[in-house]
2 protein chains.
Amino acid sequence: MKKILGMLGGMGPGATADAFYKLINNTKASKDQEHIPVIIVSIPDIPDRTENIIYDGPSPLPAMINSLKLLENAGVSCIVMPCNTAHYWYEDLMKEVKIPFISIIDAACKNIISNKIRKVALLATTATIRTKLYQEKLSLNNVECIVPDEINQYKIMQSIIAYKAGDIDKAKELIYPYINMLKSDGVNKFVMGCTEIPLILDEVVNCSPDEFIDATEALIKEAIDWYNFGDERFEKEMINENYQ
Amino acid sequence: MKKILGMLGGMGPGATADAFYKLINNTKASKDQEHIPVIIVSIPDIPDRTENIIYDGPSPLPAMINSLKLLENAGVSCIVMPCNTAHYWYEDLMKEVKIPFISIIDAACKNIISNKIRKVALLATTATIRTKLYQEKLSLNNVECIVPDEINQYKIMQSIIAYKAGDIDKAKELIYPYINMLKSDGVNKFVMGCTEIPLILDEVVNCSPDEFIDATEALIKEAIDWYNFGDERFEKEMINENYQ
């Protein structure tokens, strides 16, 4: 059986397309046939993750399980889900399938820790911040994690919402002042811990990729490692050790 | 049952990602949940289409049918296949499924004809040119179709191969002289009849989108029409009338 990567997408669709591009661009291939097989389910009518966590809106879990089952039934051998906030339900989703499921949070944290970075500023949805998806894992590994105050976090969330609504200019305007403020305070490592953020910050990220840790790219690189080196190494590194 | 678009991709993966981006960018949506549901199968280990048609290489049809069946079994309600050359097998693939299958060739020709364009230069793989996928349909509608001589067609094919191998600079170098030559001869409409070509020509296409008819974008706009207006209109326009 050939390995097929499964991408549980739609959260949002633009971030899913970005993850697909990053899969292609990070694969060494000299022709079509050498690229990694992937099935992408982008059924975006999934209740909003932040709305559920912060405002007690409807749960996205049943819709996410539906997409996951579609992927498993189609025969994929490993799952990635290019949405950080959705990883609040990572354990619930893992229980539903018998195949590996690479965590975007683990992948980004592995990148930070293995590069011996000691201090990062986290750019993420309000739900990702509140549920401490990154902070707890980073803290266990002695990485200081700066999170925005309430006003700046509100602006970052509005930036993500503006991007999802197609207003890229507004998205940029809302997020840049906070980044510039931190930079003037000497912060030089930012975790793009929401899959829309690399799309909002595309120009600045291309100019200084070392400053911006892209969770989507970290996830995709783990997926490529899984494809090239097999489940065994992946399971040992990603699940058992859990980067602690 | 909700409608889900199915994308038979992988030919090549970059072109599939481009079609996915065009689906997102052409959809009016103010939040994730308003985007069009899509399942994308990009299993690129499909024998090369041009190799089969021109040099009698192995047939890609069984692998294409495999991807098509994966999509149908996953519950998609309509198929698009962002690869022009692969439409040589369009009738064979249509027979395999009971759902609509929008032809990229029909979509691009519809765009040309409805815009009352009388003369176009076709940029495509050698196989698409030789099998006259565009020329016959355009000729029936009194559209003159300029195709490259053998030397220029060789360069265009090498350009497409270079893009697939990740060498974008070489791809551009190989295709621009021919386009510039035609432009100096007064040609002002080009059909990008290979889904890699809008990726090779991205800068020039963005500068003058009216000059370049993008088959991928035409296909995606038909798919969005199918999603918004239903099978009935689609079937009447696309299948019965066949733009003649």
Is the number of heavy atoms from other residues, nucleotides or ligands under 6.0 Å of Lys172(B) NZ greater than 12? yes
Under 6.0 Å from the OH atom of Tyr227(A), do we count more than 12 heavy atoms belonging to anything else shown? yes
For the interface with chain B, which of Val38(A), Ile24(A), Ile43(A) has the highest count of heavy-atom pairs at distances below 4.5 Å? Val38(A)
Give a yes or no on this: more than 12 heavy atoms of other residues, nucleotides or ligands lie within 6.0 Å of atom NZ of Lys132(A). no
Using non-hydrogen atoms and a 4.5 Å limit, figure out which bit of Thr16(A) sits close to chain B: side chain, backbone, both or neither. both
Where does Asp167(A) contact chain B at under 4.5 Å (heavy atoms): side chain, backbone, both or neither? neither
Distance, nearest 0.5 Å, that separates NZ of Lys164(A) from CD of Gln33(B): 7.5 Å
Would you mind reporting whether Ile46(B) and Asp32(A) have side-chain heavy atoms less than 4.5 Å apart? no
Could you look at Ala74(A) and say if it's the side chain, the backbone, both or neither that has a heavy atom under 4.5 Å from chain B? both
Centroid-centroid under 6.0 Å between Tyr21(B) and Tyr21(A) rings: yes
Considering only heavy atoms, which portion of Asn25(B) lies under 4.5 Å from any heavy atom of chain A: side chain, backbone, both, or neither? neither
Does any heavy atom of chain B fall under 4.5 Å from the side chain of Ile36(A), the backbone, both, or neither of them? backbone
Below 4.5 Å, heavy-atom pairs only: which of Ser30(B), Ser67(B), Pro13(B) has the largest tally toward chain A? Pro13(B)
Does a sphere of radius 6.0 Å around OH in Tyr178(B) hold more than 12 heavy atoms from other residues, nucleotides or ligands, not counting ones at 6.0 Å or beyond? yes
Do Pro37(A) and Pro44(B) have side chains that get closer than 4.5 Å, going by heavy atoms? yes
Calculate, to the nearest 0.5 Å, the distance between atoms NZ and CG belonging to Lys31(B) and Asp48(A) respectively. 8.5 Å
Can you confirm whether Ile40(A) sits close enough to Ile39(B) that some side-chain heavy atom of one is under 4.5 Å from a side-chain heavy atom of the other? no
